[in-house]
Amino acid sequence: FTMNMYLFVYDLMQFCGHSWIFTNMMIRFMTFGKDSLADTFYSIGLVMRLCQLLSVLEILHILVGIDKSRLLPRFLQITERIIVLFVVINSQEEVQGKYVVCVLFFLWNLLDVIRYTYNMLARMGIYYLPLTWLNFSLCILLYPLSVLAKGFAICVSLPYFESFGTYSIKLPFPFAFSIYFPYVLKMYLPVLFIGMCFIIQNLFYERKAHLGTGNIKNKRS
């Protein structure tokens, strides 16, 4: 009971954070139109970073056994966001004003508002069929789009990493060793898309497990 209450509070905190971000984005867009897209990061970036840092706890939840989700897919999803948000977007001010950041935040928060709403109700033993269907179906459509947005954000950032030398390291003699960070990002791109294939496969597995005919009948009863 104590662990279930803890997980409920965690899901509630994440729901509140992502709901605030999503609502803020919608209101700003309806008020200022396209002008609101350029400063999306400046208006919601802090809360977005806090929510993503908090999501690292989900890996710990799986490791200690209080969350029965599969570790590797969740680990990949969380690390993808951490890398793109903190390493790529947060470190390059020129990238923060790009429209792709707004698109990426919209996709992330739309998925998370639905996911944490479903999780909160599930902690209480409530399974609302339309919400269950939405949670395990919409992600299959939107997750590939978010990966494409991540890849595009990385490509957009490459010229700035090349110009400013951010995270590139050149060790002095006698080591004669250097790390050119744009190459690291280029090598990460295929890893990102390979991970996408694995995660989509897991999403289909979860959808079948939760929306199978037998499970639907059990939840209805």
Side-chain angles (χ1 to χ4, degrees), residues 12-55 76-118 130-131 133-167 181-182 184-186 188-193 195-196 199-200 203:
L12 178 61
M13 291 174 61
Q14 287 282 36
F15 170 79
C16 291
H18 288 289
S19 295
W20 182 87
I21 296 172
F22 189 77
T23 304
N24 186 293
M25 290 180 66
M26 292 297 98
I27 292 175
R28 286 173 53 80
F29 182 75
M30 289 187 291
T31 304
F32 303 107
K34 289 184 178 181
D35 294 337
S36 68
L37 302 181
D39 62 347
T40 294
F41 184 84
Y42 303 101
S43 61
I44 64 174
L46 176 60
V47 181
M48 192 71 201
R49 281 172 282 180
L50 290 174
C51 287
Q52 296 309 315
L53 284 176
L54 192 62
S55 69
L76 289 175
Q77 287 178 297
I78 292 172
T79 52
E80 285 173 7
R81 292 191 181 190
I82 294 293
I83 290 171
V84 172
L85 178 59
F86 287 92
V87 178
V88 176
I89 298 175
N90 191 62
S91 67
Q92 299 297 335
E93 188 174 352
E94 290 76 8
V95 178
Q96 296 168 10
K98 303 294 184 182
Y99 288 170
V100 66
V101 174
C102 183
V103 173
L104 194 56
F105 284 5
F106 175 83
L107 293 172
W108 284 356
N109 287 282
L110 177 59
L111 288 171
D112 284 339
V113 167
I114 295 171
R115 182 165 69 92
Y116 289 115
T117 302
Y118 171 82
L131 180 61
W133 184 91
L134 196 62
N135 181 57
F136 292 102
S137 300
L138 190 63
C139 57
I140 296 175
L141 284 174
L142 296 187
Y143 177 71
L145 294 179
S146 73
V147 172
L148 288 175
K150 291 172 195 172
F152 187 73
I154 291 174
C155 292
V156 168
S157 72
L158 288 175
Y160 303 107
F161 280 104
E162 292 171 354
S163 300
F164 303 133
T166 311
Y167 300 133
F181 196 70
V184 176
L185 289 178
K186 290 177 182 178
Y188 179 67
L189 281 173
V191 175
L192 185 66
F193 286 97
M196 179 188 71
I199 291 173
I200 290 176
L203 293 175

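Residue numbers count from 1 along this sequence. Computed from a predicted model, the values in this text were never measured in an experiment.
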For the pair Ser146 (side chain) and Tyr143 (backbone), establish whether a donor and an acceptor sit closer than 3.5 Å, ignoring hydrogens and angles.
yes
Of all heavy-atom pairs linking Met48 and Leu85, the shortest is O-CD2, 4.0 Å
The reported gap from CZ in Arg49 to CD1 in Ile82 (rounded to nearest 0.5 angstrom) is 11.5 Å
What heavy-atom pair brings Lys34 and Tyr99 nearest, and what distance separates the two atoms?
O-OH, 4.2 Å
Test item: Phe86 and Arg81 side chains (from C-beta on) under 4.5 Å apart, heavy atoms:
no
Over all heavy atoms of both residues, which pair between Thr31 and Ile27 is shortest? Give the atoms and the distance, please.
OG1-O, 2.7 Å
Return the minimal non-hydrogen interatomic distance between Asn135 and Ile114, and the atom names on each side.
CA-CG2, 3.7 Å
Got a second to check how far Cys155's SG is from Leu189's CG, nearest 0.5 Å?
5.0 Å
Count the heavy atoms of every other residue, nucleotide or ligand shown that sit under 6.0 Å from CE of Met26, and state whether that count exceeds 12.
yes
Spacing of CG belonging to Leu111 relative to OH belonging to Tyr116, to within rounding of 0.5 Å
11.0 Å
How far does NZ of Lys186 sit from CZ of Phe161, to the nearest 0.5 angstrom?
12.5 Å
Could you check whether any side-chain heavy atom of Glu94 comes within less than 4.5 Å of a side-chain heavy atom of Phe164, counting everything from C-beta outward?
yes
With a 4.5 Å cut-off on side-chain heavy atoms, are Phe152 and Leu104 touching?
no
With a 4.5 Å cut-off on side-chain heavy atoms, are Glu80 and Ile199 touching?
yes
Looking at Gln96 and Asp39, would you say the former's side chain and the latter's main chain have a donor-acceptor pair under 3.5 Å?
no
Under 3.5 Å: donor-acceptor pair, side chain of Ser163, backbone of Tyr160
no
Given 3.5 Å as the limit, does a donor-acceptor pair link the side chain of Ser137 with the main chain of Leu134, or not?
no
Write down the atom of Tyr167, the atom of Val87, and the distance for their closest heavy-atom approach.
CE1-O, 3.5 Å
So which atom in Gly151 and which in Leu192 form the shortest heavy-atom distance, rounded to 0.1 Å?
N-CD2, 3.9 Å
Using a cut-off of 6.0 Å, state whether more than 12 heavy atoms not belonging to Glu93 lie near its atom CD.
no
In terms of heavy-atom contacts, does OH of Tyr42 have more than 12 from other residues, nucleotides or ligands at under 6.0 Å?
yes
With rounding to the nearest 0.5 angstrom, report the CG to OG distance, Asp112 to Ser55.
8.0 Å
Is any side-chain heavy atom of Cys102 less than 4.5 Å from a side-chain heavy atom of Phe105?
no
Intermediate values then yes/no, side-chain contact (heavy atoms from CB on, under 4.5 Å), Phe136 and Leu203:
CA-CA 7 Å; Phe136 292 102; Leu203 293 175; over 6 Å; no
Could you check whether any side-chain N or O of Thr40 sits under 3.5 Å from a backbone N or O of Leu37, counting only pairs where one atom can act as donor and the other as acceptor?
yes
Given side-chain contact (heavy atoms from CB on, under 4.5 Å), test Ile21 with Trp108 step by step and report yes or no.
CA-CA 10 Å; Ile21 296 172; Trp108 284 356; over 6 Å; no
Ignoring hydrogens and angles, state whether a donor on the side chain of Thr166 or Gln92 is under 3.5 Å from an acceptor on the partner side chain.
yes
How many angstroms lie between atom SG of Cys51 and atom CE of Met13, to the nearest 0.5 angstrom?
8.5 Å
